[in-house]
Amino acid sequence: MVKICCIGAGYVGGPTMAVIALKCPSIEVAVVDIWDKRIAAWNSDQLPIYEPGLDDVVKQCRGKNLFFSTDVKKHVMEADIVFVSVNTPTKTTGLGAGKAADLTYWESAARMIADVSESSKVVVEKSTVPVKTAEAIEKILSHNGKGIKFQILSNPEFLAEGTAIQDLFNPDRVLIGGRETPEGQKAIQALKDVYAQWVPEDRIITTNLWSAELSKLAANAFLAQRISSVNAMSALCEATGANVSQVSHAVGKDTRIGPKFLNSSVGFGGSCFQKDILNLVYICECNGLPEVAEYWRQVVKINDYQKSRFVNRVVASMFNTVSTKKIAILGFAFKKDTGDTRETPAIDVCKGLLVDKAELSIYDPQVTQDQIQRDLTLRKFDWDHPIHLQPVNPTSCFNVDQVKVVRDAYEATKGAHGICILTEWDEFKSLDYNKIYENMQKPAFIFDGRYVIDADKLREIGFIVFSIGKPLDAWLKDMPAVV
Ligand code: ADP
């Protein structure tokens, strides 16, 4: 029986391994993590991450050929294939701070693999890493002093949170990069055999190591760039009276462009896009390509601009101040169907409003009060980031008492002056907006950062409505935001 071990039981490792276990009953899969609470949650009925369909997959395999454990060393030692899916955050201090990936967790995982292994293994990079990480990891592994041979593969994960299970069941492609030596090719084949149990062969792409590593960064950069492109257009639409949805539709009908990922919004979030682009920027700079670095940096800058534009619009419309006004925040996760708040635009929007002394009442169906409070008080890295549009340490500029986390949208909006919709949860579409309007201060504002509401219907009720990239209400035209 082939044994797989995955180090890191996070958003990538957990769902990916659960699907491998489901699709490959003859493989034993162990997911290990040093974070005991996370492992305990994976072994309980309350999984540590919310992902549609995940519960079902885990229930079918857990205890049969899928195990979650904190005994990292034991499972690594026993495995034939070791996936490494640990976190690779952006460095916050030192060389490359604000851009380069922090490989501390990766390096310690690699050293541990080298220490405990007693037989040859295939080591698979699953978490996104800077190009040429495999080379560094190879060096750590090959200096194990025991003569054990390791083969490194890069197998980046392309799943999208919120649709992870669907994406894993039916991936557009699986990418496996490896050394172009006979041993490297054998390792590629071993991993290909795993995926081939449910993924059609023509969707399994094999490349050299560096191409696979760079493809992941490139894919995320391209996706984020589409969003920043349409968001840049949304600013122009508001200025000119064009409608960004109509523009996106017309543009997306060109088969060379395609309709997907052309929705304008308050900005992209998630653990990957920004981090991977910054990483790409850093790699370009290190390779003496400042023009290329600047090109990609602009994608992040437009995203920051979109978030501050939104905040400015809210403040400007409400007579240039939100001080002591109650603002309801509907949605905090970076997108619907996930509880993940990493790099969610809601953090920057809320901080922007808090600095202007707003009283926030936040509701998200999947994000806990603890998480929201942590996100709003954590200090972000000091790089050219939206935080620099605000005072240097935002946490010193607002009081935690300004933030209340509540249990439903009606409570959040009761007595509020304005509503900001920051995540496109389906339940926000079917709220009773008549009831909400009645219970709000007048004039009642709604700022839709995700195209959740039917703007015309809400105008009929009496709301002053702002939808990103849409022609502005007369009120908003009279209260221009400095953007
Ligand atoms: P992703 O979204 O890429 O899956 P997460 O941050 O959700 O990233 O998960 C990464 C996981 O890796 C965390 O649960 C963390 O505790 C775990 N981890 C980090 N370093 C190690 C290590 N050396 N050994 C085991 N687990 C680790």
Side-chain angles (χ1 to χ4, degrees), residues 4-20 29-44 47-51 54 58 67-79 82-92 101-117 121 123-130 133 136-137 140-141 154-165 167-168 213 216-217 219-220 269-276 279 333-335 337-344 366-367 371 374-375 378:
I4 287 179
C5 172
C6 174
I7 306 176
Y11 288 87
V12 171
T16 313
M17 292 304 125
V19 169
I20 290 182
V29 183
V31 188
V32 296
D33 204 297
I34 39 179
W35 189 357
D36 50 352
K37 277 197 186 134
R38 204 171 215 184
I39 290 297
W42 278 111
N43 282 319
S44 76
L47 299 185
I49 62 177
Y50 172 71
E51 192 61 63
L54 178 64
V58 170
F67 303 91
F68 295 94
S69 166
T70 50
D71 197 344
V72 181
K73 291 183 178 171
K74 169 179 174 276
H75 288 285
V76 168
M77 194 174 79
E78 289 174 357
V82 180
F83 285 84
V84 184
S85 188
V86 298
N87 18 356
T88 49
T90 305
K91 272 185 89 170
T92 49
D102 180 347
L103 291 176
T104 314
Y105 301 102
W106 237 107
E107 187 175 334
S108 91
R111 287 182 190 278
M112 184 270 301
I113 297 171
D115 279 352
V116 305
S117 292
K121 296 186 193 313
V123 176
V124 186
E125 291 177 342
K126 198 66 179 155
S127 33
T128 314
V129 287
T133 298
I137 301 304
I140 292 173
L141 292 172
S154 166
N155 171 221
E157 187 47 64
F158 294 105
L159 65 80
E161 283 176 41
T163 53
I165 299 300
D167 295 346
L168 287 162
E213 287 181 343
K216 171 67 181 178
L217 294 182
N220 276 342
S271 71
C272 289
F273 283 177
Q274 175 167 304
K275 182 185 77 176
D276 290 356
N279 195 343
F334 84 94
K335 64 166 165 172
D337 291 339
T338 176
D340 194 353
T341 61
R342 289 176 293 179
E343 298 298 337
T344 177
Q366 285 296 334
V367 185
Q371 185 62 48
R374 249 198 319 268
D375 286 337
L378 266 181

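Remember, it's 1-based here, ligands and their atoms both numbered in the order they're listed.
Proximity of Arg38 to ligand 1, defined as any heavy-atom pair under 4.0 Å, is confined to the side chain (atoms from C-beta onward). Using a 4.0 Å cut-off between heavy atoms, Arg342 contacts ligand 1 through its side chain alone, with no backbone atom that close. Contact annotation for Ile7 and ligand 1: only side-chain heavy atoms (C-beta onward) come within less than 4.0 Å of the ligand.
Between the choices Asn87, Val32, Thr70, Asp33, the shortest heavy-atom distance to atom 14 (O) of ligand 1 belongs to Asp33.
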Does Ser127 form a side chain to side chain donor-acceptor pair (under 3.5 Å) with Trp106? I'd like the steps, not just the answer.
CA-CA 9 Å; Ser127 33; Trp106 237 107; 3.1 Å; yes

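The shortest N or O to N or O distance between Ser271 and ligand 1 is not below 3.5 Å. Geometrically, ligand 1 and Val72 share no nitrogen or oxygen pair separated by less than 3.5 Å.
Residues Ile4 and Val124 form no side-chain contact, since every pair of their non-hydrogen atoms from C-beta on lies 4.5 Å or further apart. Between Ile113 and Ile7 there is a side-chain heavy-atom pair separated by less than 4.5 Å. Taking 4.5 Å as the limit, some side-chain heavy atom of Ile49 sits within range of a side-chain heavy atom of Trp42. Contact of the Lys126 side chain with the Cys6 side chain is not registered, since no non-hydrogen atoms from C-beta on lie closer than 4.5 Å.
Salt bridge present: Arg342 and Glu161 bring a charged side-chain N and a carboxylate O closer than 4.0 Å.
What sits closest to atom 22 (C) of ligand 1 on the protein, heavy atoms only, is Ile34 CD1, 3.8 Å. Given atom 18 (N) of ligand 1, the protein heavy atom at minimum distance is Val86 CG1, 3.7 Å. Of all protein heavy atoms, the one lying nearest to atom 4 (O) of ligand 1 is Val12 N, 2.8 Å.
Near Tyr105, meaning under 4.0 Å from one of its heavy atoms, ligand 1 places the atoms 19 (C), 20 (N). Listed by number with element, the atoms of ligand 1 under 4.0 angstrom from any heavy atom of Gly10 are 4 (O), 5 (P), 7 (O), 9 (O).
Heavy atoms of other residues, nucleotides or ligands lying less than 6.0 angstrom from CZ of Phe158 number more than 12.
The closest approach between a heavy atom of Ser108 and any atom of ligand 1 is below 4.0 Å.
Between Lys275 and Thr88, the shortest heavy-atom contact is CD-O, 3.0 Å.
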